[in-house]
Amino acid sequence: MNKNIVLFDMDGTLTESRQKFDSQFLSSSLIELSQMADIGIVTGSDLDYLKEQLGPILNSSIRYCLHLLPCNGTKYLKPPEFPSQDFQLTEEVNMKEVLGKVKWRRLLEILINKQYLATELDIPLTGQFISFRGSMINWAPSGRAATNEEREKFVKFDKKYKFRKRLLAELRQELDNAGLENVTVKLGGDTSFDIYPTGWDKTFALRYFNGSKVWFVGDRARNPSGNDYEIHKACEPRSFHTDGPTTTDSVIFNIMQVIKEDL
């Protein structure tokens, strides 16, 4: 592994929210960066969706120094060593086992009830509302099956009524009342919530890179309710906030200048 590794969030950082990676836009910057640092992608999404978003870049020259860290890094896939080898899953943890049967069922009961109450609101209702990813749950009140148009409608509703902010506070109180103080809830992307055992935020990914200089770039870093907040703080002063791929491109350039000065 290189002395430096630059970790990126995915949605809102390397891609627009829920969109595929634009290989013509950022790939040249990442290829240049990969010549002086390893690259990691730490996201709340699971592996299948992460691979879908990355697309052709998984088969580019970057792949040999690309670390995949889905589910906040609670799953870790090492880079392949030769062309015919795929990314290798080396670490994985299980939320259900950590919580135990009683607390797990209580958590689901709370989420299902909150989802039922959401049906009374004027938001799109599509499908796949509660997604269990092994080490975390993603809850999307409008459903992860939403089209771009339906997502935009939900985002407008959320901004107007502060829906997720209010729901976050309500959910936190209900979890505490149910003895689930050790479960963390964060805003995930523009439409959902990430739910996981306390400590399984994106700083979980840092344990794989002891001895390296770790950089981080993410868009949900400034607000404590955002899922990039903890890792952004942990990586300071080598952490950067972005508001999308255009800004990320500039951030990559600045990181490379600093790394070059250290070489």
Hey, could you give me the CZ/OG distance between F193 and S225, rounded to the nearest 0.5 Å? 9.5 Å
Please answer whether the main-chain N or O of E81 pairs with a side-chain N or O of Q85 as donor and acceptor at a distance below 3.5 Å. yes
One pair to check against side-chain contact (heavy atoms from CB on, under 4.5 Å): L206 and C235. What are the steps and the verdict? CA-CA 9 Å; L206 300 179; C235 291; 4.0 Å; yes
Qualifying residues under salt bridge (charged side-chain N to carboxylate O under 4.0 Å, His left out), relative to K153, sequence neighbours excluded: D122
For K78, does the NZ atom have more than 12 heavy-atom neighbours from other residues, nucleotides or ligands under 6.0 Å away? no
Modelled atom types, side-chain donor and acceptor of E150 and T147, under 3.5 Å: yes
Within this structure, what is the CZ-CG distance for the pair F21 and L50, rounded to the nearest 0.5 Å? 11.5 Å
If you measure only the distance, is there a donor-acceptor pair under 3.5 Å linking the side chains of Q53 and D11? yes
Tell me whether the count of non-hydrogen atoms from other residues, nucleotides or ligands lying under 6.0 Å of OH in Y64 goes above 12. yes
Rounded to the nearest 0.5 Å, how far does CG of L47 lie from CD of E52? 11.5 Å
Starting at CG of L14, measure out to CG of L30 and round the result to the nearest 0.5 Å. 6.0 Å
What's the spacing between F163 CZ and T191 OG1 if we round to 0.5 Å? 11.0 Å
Test item: R207 side-chain N/O and F204 main-chain N/O as donor-acceptor pair under 3.5 Å: yes
Answer with yes or no whether the side chains of D38 and H67 bring together a donor and an acceptor at under 3.5 Å. yes
Atom CG in L33, atom CD1 in I252: separation rounded to 0.5 Å? 6.0 Å
When you group the ILVMFWY residues by side-chain heavy-atom contacts below 4.5 Å and let the links chain together, are I39 and V251 in the same group? yes
D194: side chain to side chain donor-acceptor pair (under 3.5 Å) partners, not counting sequence neighbours: N138, N227
For F132 together with W139, are the ring centres under 6.0 Å from each other? no
Taking E174 for the side chain and I110 for the main chain, is one N or O donor matched with an acceptor at less than 3.5 Å? no
Consider only side-chain heavy atoms of I, L, V, M, F, W and Y, link residues closer than 4.5 Å, and tell whether L99 and I195 are in one cluster. yes
Nearest heavy-atom contact between G218 and T13 is CA-OG1, 3.5 Å
Sequence neighbours left out, cut at 3.5 Å: what donor-acceptor pairs do the side chains of residues 177-190 make with other protein atoms?
from, atom 1, to, atom 2, distance (Å)
N177, OD1, Q173, NE2, 3.0
N177, ND2, Q173, O, 3.3
T184, OG1, T198, OG1, 3.1
K186, NZ, P224, O, 2.2
K186, NZ, E230, OE2, 2.7
D190, OD1, R220, NH2, 2.3
D190, OD2, S17, OG, 3.3

Got a sec, which residues hit salt bridge (charged side-chain N to carboxylate O under 4.0 Å, His left out) with R106, two or more places apart in sequence or on another chain? E109
Does some side-chain heavy atom of K114 sit less than 4.5 Å from a side-chain heavy atom of E170? yes
Between N223 and G226, is there a donor-acceptor pair closer than 3.5 Å when you use the side chain of the first and the backbone of the second? no
Is it true that a side-chain atom of R144 and a backbone atom of F129 form a donor plus acceptor pair closer than 3.5 Å? no
Hey, are the side chains of L107 and M95 touching, using non-hydrogen atoms and a 4.5 Å cut-off? yes
Do V155 and M10 share a hydrophobic cluster (ILVMFWY, side-chain heavy atoms under 4.5 Å, transitive)? no
Run the side-chain contact (heavy atoms from CB on, under 4.5 Å) check on L7 and V214 step by step: do they pass? CA-CA 7 Å; L7 300 179; V214 183; 3.7 Å; yes
Which class fits the ring pair H232 and F216: parallel under 30°, tilted 30 to 60°, perpendicular over 60°? perpendicular
Determine whether more than 12 heavy atoms belonging to other residues, nucleotides or ligands lie under 6.0 Å from atom CZ of R105. no
Salt bridge (charged side-chain N to carboxylate O under 4.0 Å, His left out) filter on R133, not counting sequence neighbours, yields none
Please report the shortest heavy-atom distance between D46 and C71, naming the atom on each side. OD1-SG, 3.6 Å
With the 4.5 Å side-chain cut-off for hydrophobic clustering, are I130 and L168 part of the same group? yes
Donor-acceptor side-chain pairing of T74 and N72 below 3.5 angstrom: no
With a 4.5 Å heavy-atom cut-off, do D201 and I231 have their side chains touching? no
side-chain contact (heavy atoms from CB on, under 4.5 Å) for R63 and F87? Distances and angles first, verdict last. CA-CA 8 Å; R63 74 194 304 263; F87 291 84; 3.9 Å; yes
Residues 253-263, side-chain donor-acceptor partners within the protein, below 3.5 Å, at least two apart:
from, atom 1, to, atom 2, distance (Å)
N254, ND2, S250, O, 3.4

Treating Ile, Leu, Val, Met, Phe, Trp and Tyr as nodes and any side-chain heavy-atom pair under 4.5 angstrom as an edge, say whether Y229 and I41 lie in one connected cluster. no
Assess the side chains of T248 and T242: does a donor N or O sit below 3.5 Å from an acceptor N or O? yes
Give me the atom names and distance for the closest heavy-atom approach of S135 to K75. OG-CE, 4.4 Å
